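See below for the structure under consideration.
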Amino acid sequence: MYTVHFLEGKNIILSQLLRQLPKVGDDLRIKGRKGKVLEIIYNNEKSVNVNVHFEVKKKAPAVAVQFGKKKK
């Protein structure tokens, strides 16, 4: 088993004990966010850092509220 630390930049997103390591280019879903494995760094024989790039969600524009019209 390996101790795997998933990193985005220098921030640790998730730490897990895994039997199989992810491969470079694999798609991941961590905490509801889609990501892709960029790099795998072996610290020692049981500890691994995995650099992940997450997709950026576009925020929807705010909806304009019309005052004066009431629903009946």
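A quick note: this is a predicted structure, and the numbers were derived from the prediction, not measured.
Every residue two or more places apart in sequence or in another chain that forms a side chain to side chain contact (heavy atoms under 4.5 Å, CB included) with K46 is listed here: N44. Shown here are the side chain to side chain donor-acceptor pair (under 3.5 Å) partners of D26, two or more places apart in sequence or in another chain: there are none. The salt bridge (Lys or Arg N to Asp or Glu O under 4.0 Å) search around E8 returns R33, not counting sequence neighbours. Scored by the side chain to side chain donor-acceptor pair (under 3.5 Å) test, T3 finds no partners at all (sequence neighbours excluded). Residues meeting the side chain to side chain contact (heavy atoms under 4.5 Å, CB included) test with I12, sequence neighbours left out: L7, S15. Scanning for side chain to side chain contact (heavy atoms under 4.5 Å, CB included) contacts around I41 gives E39, N43, N49, N51, with sequence neighbours left out. Residues passing the side chain to side chain contact (heavy atoms under 4.5 Å, CB included) test with N11, sequence neighbours excluded: none.
Using a 4.5 Å cut-off between side-chain heavy atoms of Ile, Leu, Val, Met, Phe, Trp and Tyr, F6 falls into a hydrophobic cluster with Y2, V4, I13, L14, L18, L21, V24, L28, I30, V37, I40, Y42, V48, V50, V52, F54. As a member of the Ile/Leu/Val/Met/Phe/Trp/Tyr network built from side-chain separations under 4.5 Å, L17 groups with M1. Other cluster members for V56: none, since no ILVMFWY side-chain heavy atom sits under 4.5 Å from it.
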